[in-house]
Amino acid sequence: MNADAIIIGAGACGLMCAVQAGYRGKKVIVLEKNEKPGAKILISGGGRCNYTNQFASAEQFISANPHFIKSAFTQWTVDDTISFFETYGITGKEKTLGQLFPDDKNAKDVVEVFTSVCEDFGQEIRCNADVKDIEISPEGFKVSYEKNGKTVVLTAEKLVIATGGLPIPKMGATDFALRFARKHELKIIETAPALVPLTITGKDEEWFAQLSGNSVFCEVSNDEISFEENILFTHWGLSGPAILQISSFWRRGETINLNLLPHQNIVAILDEERKNNGKTLLSTLLNRIYTKKFTDALGKFLPLSKPVAALTKSEIDLIEQTIHHFKVKPAGDKGYDKAEVMRGGIDTNEISSKTLECKRIPNLFFGGECLDVTGWLGGYNFQWAWASGFVIAQNL
């Protein structure tokens with residue numbers, strides 16, 4: 001045997017697993033298809049790496065079995081993540097809504113923590129290693145990979161698959177875990193891009209495109225859930241944190257609701273203005289709230305050139321509907337290329353929630369994004385990756 005375990009994938013889950021296995025005196029070899037470990041960590045948060053969220057709990061995850069991650073989150077908590085990184089000189093600074101970023105460091109430093117600790121423990125990370133075949137026998141696992149045109153074969157008693165999901169193919173994302181699972185008849189929950197911008201086509205396309213670059217603080221909702229953060233208009237539709245959040249819950253053909261003025265009531269604002277200065281034009285009033293460009297665009301729906309005192313009841317109703325109940329029916333999304341994560345994945349019913357071992361194939365473990373566990377935007381998916389890597393390491 002070449003090692004106690006082979007880990008396929010040097011992303012967040014695989015790297016944490018290798019480090020935690022090292023603490024336990026276990027020797028692992030990590031195989032990574034890319035030329036460097038931690039490719040997705042390096043680009044996260046614009047290179048700054050939102051490495052956890054202070055409020056992370058099972059509530060912020062989408063899964064066919066919402067209870068599945070509770071065990072992992074009990075074994076490895078947000079406090080564990082914070083102290084782990086503090087031990088290696090990375091202190092967290094909250095940006096917004098519980099999101100923690102390294103205070104004076106960045107994503108490169110986060111990856112450096114793992115690579116240097118792996119080195120200290122003698123854990124090998126082999127990059128440019130493209131796994132071609134896995135054979136399962138009573139003794140363990142035989143993994144064949146190609147590197148520089150040569151085939152290398154490794155054996156280990158235990159195997160960890162932490163190859164991530166389908167987003168960002170140019171970063172080396174593949175369907176490796178899903179293909180392996182299908183081959184061994186493990187059930188898969190339908191996959192789709194998540195935390196992804198939404199596209200608008202057809203008659204509304206031009207209206208959205210003209211606002212490209214404009215950002216508005218909104219409450220974005222559907223029948224299931226709502227999020228309050230900025231939305232960003234783009235030349236092909238909508239992006240920004242609130243849109244990425246709702247995209248994980250949106251299905252093709254559905255409408256989403258934009259409240260363009262949460263925490264305030266446009267009718268009350270109109271009434272107040274009427275009392276103080278009824279001659280104020282609706283456009284002047286809206287310019288106090290929005291950019292001129294956005295107000296002008298609302299002119300497609302609203303009587304901007306009318307003084308507020310002259311507005312009829314039906315016009316006030318129209319303003320109220322437009323500002324607080326702006327309906328959008330996206331045509332689709334920008335796909336895996338622009339998605340932050342994948343929704344769906346290997347069915348968690350195939351996996352032990354306590355150990356993350358595959359129930360049907362002993363000594364095989366799955367962690368991170370390839371499982372049907374999808375977090376909200378804001379460091380939640382990293383917290384799941386660290387926790388799943390830790391849990392697996394305890395069972396190697």
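The analysis underlying the following values was restricted to heavy atoms, covering all of them including side chains, and did not include hydrogens, waters or symmetry mates. Index from 1, following the sequence. This one's a predicted model, so the numbers in the text were calculated from it and none came from an experiment.
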Look up atom CD1 in I125 and atom CD1 in I29, then write down how far apart they are to the nearest 0.5 Å. 11.5 Å

If you count every heavy atom of other residues, nucleotides or ligands that lies below 6.0 Å from K142 atom NZ, does the total exceed 12? no

Looking only at heavy atoms, what is the nearest atom pair of V131 and Y145, with distance? CA-CB, 3.8 Å

Work out which heavy atom in G11 is nearest to a heavy atom in I41; give both atom names and the distance. C-CD1, 4.4 Å

So do L211 and V216 actually touch side chain to side chain, heavy atoms under 4.5 Å? no

Treating E94 as the side-chain partner and G98 as the backbone partner, does any N or O pair qualify as donor plus acceptor under 3.5 Å? yes

For V111 and G38 the tightest heavy-atom approach is CG2-O, 4.0 Å

First locate atom CD1 of I7, then atom OG1 of T163, and finally report the distance between them rounded to the nearest 0.5 Å. 12.5 Å

Neighbour count >12 (heavy atoms, 6.0 Å) for atom NZ, K354: no

Is L238 close to V220 at the side-chain level, that is, under 4.5 Å between some pair of heavy atoms? no

Just so I know, are the side chains of L154 and R126 near enough to count as touching, which here means a heavy-atom distance under 4.5 Å? yes

When you measure from the side chain of N2 to the backbone N and O of T155, does any donor-acceptor pair fall under 3.5 Å? yes

Spatial distance of atom CH2 (W207) from atom CD1 (I200) [nearest 0.5 Å]: 9.5 Å

Interatomic spacing from CG in L97 to CG in N50 - rounded to 0.5 Å: 10.5 Å

Consider only side-chain heavy atoms of I, L, V, M, F, W and Y, link residues closer than 4.5 Å, and tell whether F233 and F326 are in one cluster. yes

Could you check if a side-chain atom of Q123 sits within less than 4.5 angstrom of a side-chain atom of K27, using non-hydrogen atoms only? yes

Between E369 and K40, is there a salt bridge with N-O shorter than 4.0 Å? yes

Any salt bridge between R288 and E273, counting N to O under 4.0 Å? yes

L282 side chain reached by L270 side chain, heavy atoms, under 4.5 Å: yes

Side chains of E119 and T115: donor-acceptor distance under 3.5 Å anywhere? no

Of all heavy-atom pairs linking K359 and I351, the shortest is CE-O, 3.4 Å

Would you call the rings of F73 and W384 parallel, tilted or perpendicular, where under 30° means parallel and over 60° means perpendicular? tilted

Is there a donor-acceptor contact under 3.5 Å from the side chain of S388 to the main chain of G367? no

Just checking Q210: does its CD atom have more than 12 heavy atoms from other residues, nucleotides or ligands closer to it than 6.0 angstrom? yes

Taking the side chain as C-beta and beyond, is there a heavy-atom pair between T151 and K132 under 4.5 Å? no

Using the ring centroid of each side chain, check whether F121 and Y23 are separated by less than 6.0 Å. yes

Are F382 and W386 close enough that their ring centres sit under 6.0 Å apart? yes

In this structure, would F366 and I392 fall into the same cluster of hydrophobic residues linked by side-chain contacts under 4.5 Å? yes

Crowded around K147 NZ? As in, over 12 foreign heavy atoms under 6.0 Å? yes

Restricting to non-hydrogen atoms, name the atom on L258 and the atom on C218 that form the minimum distance, rounded to 0.1 Å. CB-SG, 4.4 Å

Quick check: is I161 connected to I188 through a chain of hydrophobic side chains (ILVMFWY, heavy atoms under 4.5 Å apart)? yes

Please tell me if the side chains of N363 and I136 come closer than 4.5 Å, counting only heavy atoms from C-beta onward. no

Is a side-chain donor or acceptor of Y51 paired with a backbone partner of G92 at a separation under 3.5 angstrom? yes

Interatomic spacing from CG in L244 to CG in D333 - rounded to 0.5 Å: 11.0 Å

How about E224: does its CD atom have over 12 heavy atoms from other parts shown lying under 6.0 Å from it? yes

With the threshold set at 4.0 Å, does a side-chain nitrogen-carboxylate oxygen contact exist between K275 and D271? no

Say whether Q383 and T52, considering side chains only, have a donor N or O and an acceptor N or O under 3.5 Å apart. yes

Do you see a donor-acceptor pair shorter than 3.5 Å between the side chains of K327 and N257? yes

Pick one: which of D79, T81, D80 meets side-chain hydrogen bond (donor to acceptor under 3.5 Å, both in side chains) with T77? D80

Should I8 and V152 be counted in the same cluster of Ile, Leu, Val, Met, Phe, Trp and Tyr side chains packed under 4.5 Å apart? yes

Any non-hydrogen side-chain atom of K158 less than 4.5 Å from a side-chain atom of D4? no

Would you compute the distance between atom CD1 of I269 and atom CD of Q264 and round it to the nearest 0.5 angstrom? 4.0 Å

N148 side chain to K150 backbone, donor-acceptor under 3.5 Å: no

Quick one: do the Q245 and S248 side chains pair a donor with an acceptor below 3.5 Å? no

N34 side chain to E32 side chain, donor-acceptor N/O pair below 3.5 angstrom: yes

With no hydrogens and no angle check, is any side-chain donor or acceptor of D372 less than 3.5 Å from a backbone partner on A64? yes

Which heavy-atom pair separates C17 from L396 by the least distance, and what is that distance? SG-CD1, 4.0 Å

Would you check if the side chain of R24 reaches a backbone N or O of A393 as a donor-acceptor pair within less than 3.5 Å? yes

Classify the angle between the aromatic ring planes of F227 and F249 as parallel (below 30°), tilted (30 to 60°) or perpendicular (above 60°). tilted

ring-ring contact (aromatic ring centres under 6.0 Å, His included) evaluation trace for F55 with W376: CA-CA 11 Å; F55 307 127; W376 292 4; over 10 Å; no

Keeping E350 on the side-chain end and K187 on the backbone end, is there a donor-acceptor pair under 3.5 Å? yes

ring-ring contact (aromatic ring centres under 6.0 Å, His included) for F390 and F84? Distances and angles first, verdict last. CA-CA 11 Å; F390 173 83; F84 171 82; 9.7 Å; no

Using the benzene-type ring in the case of Trp, are the ring centres of F114 and Y88 under 6.0 Å apart? no

Hey, is the main chain of A192 close enough, under 3.5 Å, to the side chain of Y336 for a donor-acceptor pair? yes

Look only at the side chain of R343 and the backbone of I62, and say whether a donor-acceptor pair between them is shorter than 3.5 Å. no

